Amino acid sequence: MNGQSIVDKIIADADKEAAAIISDAENRAENVVAEANAKAERNLLGAKAEAEAKAKSILDGKAASARLDCAKIELAEKRGVLDSVYEKALKKLKELDKKTAVALAGGLLAKYAEDGDEIVFAADYKFVSEVAKLPVVTELKLKFSQDGGVNGGFILKGESADKDISYAALLAADREENVSALAADIFAG
């Protein structure tokens, strides 16, 4: 073998080795790129799943909040209706005819008044003189006065305790006792 053939052989071997190294490097590069693409796809799928889960969580939270707000609004409206019912009832009580108003006063006095109590009528109570003629007033020696702070009807001031049996107080007690049944009747269906 001459010098040129040795050089040619070395160059040919170097070319083969370089081609093998390049081929191996390209294969490794393709594997790295494939792994990176696979990892990127997994990360993308994970990020999409996480984003969807967060979006669902936010949507569920907003929906729950909206349902709660709607329930609060509905409850406020129902309370408004019930308030209106009791406001109308108070107005009707204040507008009772003489016979009914005096009979109601007599029943309340018979039930709640004690000897020497003072009947404090609402400023707009129309039948003070008629109530004053009731037998229970004479029997219990009840006194009289009027006050603008009483909301319909009257209260009783006594030595041991005062009793608020004004129309507003009677309706408040009725509301406390019967509001559930009244609401069920009004809002049924």
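This one's a predicted model, so the numbers in the text were calculated from it and none came from an experiment. In what follows, every heavy atom counts, from backbone to side chain, and hydrogens, waters and symmetry copies are set aside.
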For [X] against [Y], the heavy-atom pair lying closest together:
{"X": "Ile186", "Y": "Val85", "result": "CD1-CG2, 4.0 Å"}
{"X": "Gly152", "Y": "Ala122", "result": "N-CB, 3.7 Å"}
{"X": "Phe154", "Y": "Ala105", "result": "CE2-CB, 3.7 Å"}
{"X": "Ala101", "Y": "Tyr167", "result": "CB-OH, 4.5 Å"}
{"X": "Ala183", "Y": "Leu82", "result": "CB-CD1, 4.2 Å"}
{"X": "Lys143", "Y": "Gly116", "result": "NZ-O, 3.0 Å"}

Find the distance between [atom1] ([X]) and [atom2] ([Y]) and round it off to the nearest 0.5 Å.
{"X": "Leu170", "Y": "Leu90", "atom1": "CG", "atom2": "CG", "value": "10.0 Å"}
{"X": "Glu77", "Y": "Lys72", "atom1": "CD", "atom2": "NZ", "value": "15.0 Å"}
{"X": "Ser84", "Y": "Arg79", "atom1": "OG", "atom2": "CZ", "value": "15.5 Å"}
{"X": "Leu108", "Y": "Leu156", "atom1": "CG", "atom2": "CG", "value": "8.5 Å"}
{"X": "Ile6", "Y": "Ile11", "atom1": "CD1", "atom2": "CD1", "value": "12.0 Å"}
{"X": "Lys126", "Y": "Asp97", "atom1": "NZ", "atom2": "CG", "value": "9.5 Å"}

**Request:** Run the numbers on Val120 and Gln146 for side chain to side chain contact (heavy atoms under 4.5 Å, CB included), then give the verdict.
**Result:** CA-CA 5 Å; Val120 181; Gln146 281 190 292; over 6 Å; no
**Request:** Using a 4.5 Å cut-off on heavy atoms from C-beta on, say whether the side chain of Leu109 contacts that of Val131.
**Result:** yes
**4.5 Å side-chain heavy-atom contact, Lys9 and Asp13** = yes
**Request:** Let me see the working for Val137 and Lys133 under side chain to side chain contact (heavy atoms under 4.5 Å, CB included), right down to the final yes or no.
**Result:** CA-CA 7 Å; Val137 173; Lys133 295 175 187 170; over 6 Å; no
Hey, does the side chain of [X] reach the backbone of [Y] with a donor-acceptor pair shorter than 3.5 angstrom?
{"X": "Asp117", "Y": "Glu114", "result": "yes"}
{"X": "Asn178", "Y": "Ala181", "result": "no"}
{"X": "Glu130", "Y": "Val102", "result": "no"}
{"X": "Lys157", "Y": "Ile119", "result": "no"}

Run the salt-bridge test on [X] and [Y] with the 4.0 Å N-O cut-off and return the result as yes or no.
{"X": "Lys78", "Y": "Glu74", "value": "yes"}
{"X": "Lys88", "Y": "Asp83", "value": "no"}
{"X": "Lys48", "Y": "Glu52", "value": "no"}

**Request:** Start with the C-alpha distance between Asp24 and Arg28, add both sets of side-chain angles, then the distance that settles side chain to side chain contact (heavy atoms under 4.5 Å, CB included), and finish with yes or no.
**Result:** CA-CA 6 Å; Asp24 186 44; Arg28 278 189 283 151; 3.4 Å; yes
**Message:** Could you walk me through whether Lys54 and Glu50 satisfy the salt bridge (charged side-chain N to carboxylate O under 4.0 Å, His left out) test, starting with their C-alpha distance in whole Å, then the side-chain angles of each, then the deciding distance to 0.1 Å, before giving a yes or no?
**Reply:** CA-CA 6 Å; Lys54 282 187 179 183; Glu50 186 178 333; 3.7 Å; yes
**CZ (Phe144) with more than 12 external heavy atoms under 6.0 Å** =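 Counting neighbours around CZ of Phe144, more than 12 heavy atoms of other residues, nucleotides or ligands fall under 6.0 Å, so yes.
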**Asked** Would Leu182 and Asp174 count as a side chain to side chain contact (heavy atoms under 4.5 Å, CB included) if you check the C-alpha gap in whole Å, the side-chain angles of each, and the deciding distance to 0.1 Å?
**Response** CA-CA 10 Å; Leu182 180 61; Asp174 179 81; 6.0 Å; no
